[in-house]
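Okay, structure first, notes after.
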Amino acid sequence: MKIPAKISKAARELIAMYGEHLAYLGEHEGSAVYQFKFPDGVHVGFPVLYLLKDDKVTELNGPESFDILDLFNEDAE
């Protein structure tokens, strides 16, 4: 799946540091959810998610990002 330009723009600082590591996870409450997947060996705090809804991007990089990731992990089980 092609990553929308708005998501790449929102993640531009991380992309500049680590490269293009965005992945589409799925839909959640009407938002398309994307995750910046840090390369192996890079240790960070919270996962970074981008939600795209109605052409607006919301970045999550705090404890709430785990709640959304858990929803997608449950689907995979």
Side-chain angles (χ1 to χ4, degrees):
M1 168 179 242
K2 185 171 174 15
I3 303 297
K6 284 189 176 263
I7 298 297
S8 293
K9 184 177 178 182
R12 68 185 170 274
E13 290 180 23
L14 291 175
I15 291 170
M17 288 189 285
Y18 303 108
E20 186 79 34
H21 295 281
L22 288 163
Y24 173 74
L25 298 181
E27 298 285 323
H28 173 65
E29 295 182 356
S31 294
V33 181
Y34 299 85
Q35 180 181 9
F36 189 87
K37 296 201 172 204
F38 289 92
D40 290 340
V42 175
H43 301 285
V44 297
F46 296 106
V48 180
L49 302 180
Y50 299 93
L51 283 62
L52 179 62
K53 183 176 183 178
D54 299 329
D55 213 33
K56 180 182 175 201
V57 177
T58 303
E59 180 180 338
L60 299 178
N61 57 7
E64 66 276 6
S65 61
F66 285 117
D67 295 333
I68 293 176
L69 278 179
D70 283 346
L71 296 173
F72 293 104
N73 287 335
E74 288 174 6
D75 291 341
E77 292 178 357

**Request:** Show the numbers, then the answer: is there a side chain to side chain contact (heavy atoms under 4.5 Å, CB included) between Val44 and Asn61?
**Result:** CA-CA 10 Å; Val44 297; Asn61 57 7; over 6 Å; no
In Å, rounded to the nearest 0.5 Å, how long is the span from [atom1] of [X] to [atom2] of [Y]?
| X | Y | atom1 | atom2 | answer |
| --- | --- | --- | --- | --- |
| Lys2 | Ile7 | NZ | CD1 | 12.5 Å |
| Glu59 | Tyr34 | CD | OH | 15.0 Å |
| Lys53 | Glu27 | NZ | CD | 10.0 Å |
| Leu49 | Leu25 | CG | CG | 6.5 Å |
| Glu13 | Phe36 | CD | CZ | 11.0 Å |
| Leu60 | Gln35 | CG | CD | 11.5 Å |

**Centroid separation Tyr18 to Phe38 less than 6.0 Å** = yes
**Item:** Side chain proximity check, Val57 to Leu51, heavy atoms < 4.5 angstrom
**Value:** no
**Message:** Within the structure provided, determine whether Thr58 and Leu52 are in side-chain contact (heavy-atom separation under 4.5 Å).
**Reply:** no
For the residue pair [X] and [Y], what are the closest heavy atoms and their distance?
| X | Y | value |
| --- | --- | --- |
| Ile15 | Ser8 | CD1-O, 3.7 Å |
| Phe46 | Ser65 | CB-OG, 4.1 Å |
| Ala32 | Tyr24 | CB-CE1, 3.9 Å |

**Evaluation steps, side chain to side chain contact (heavy atoms under 4.5 Å, CB included), between Leu71 and Asn73** = CA-CA 6 Å; Leu71 296 173; Asn73 287 335; over 6 Å; no
**Prompt:** Should Lys6 and Tyr50 be marked as a side chain to side chain contact (heavy atoms under 4.5 Å, CB included) after you check the CA-CA gap, both sets of side-chain angles, and the distance that decides it?
**Reply:** CA-CA 10 Å; Lys6 284 189 176 263; Tyr50 299 93; over 6 Å; no
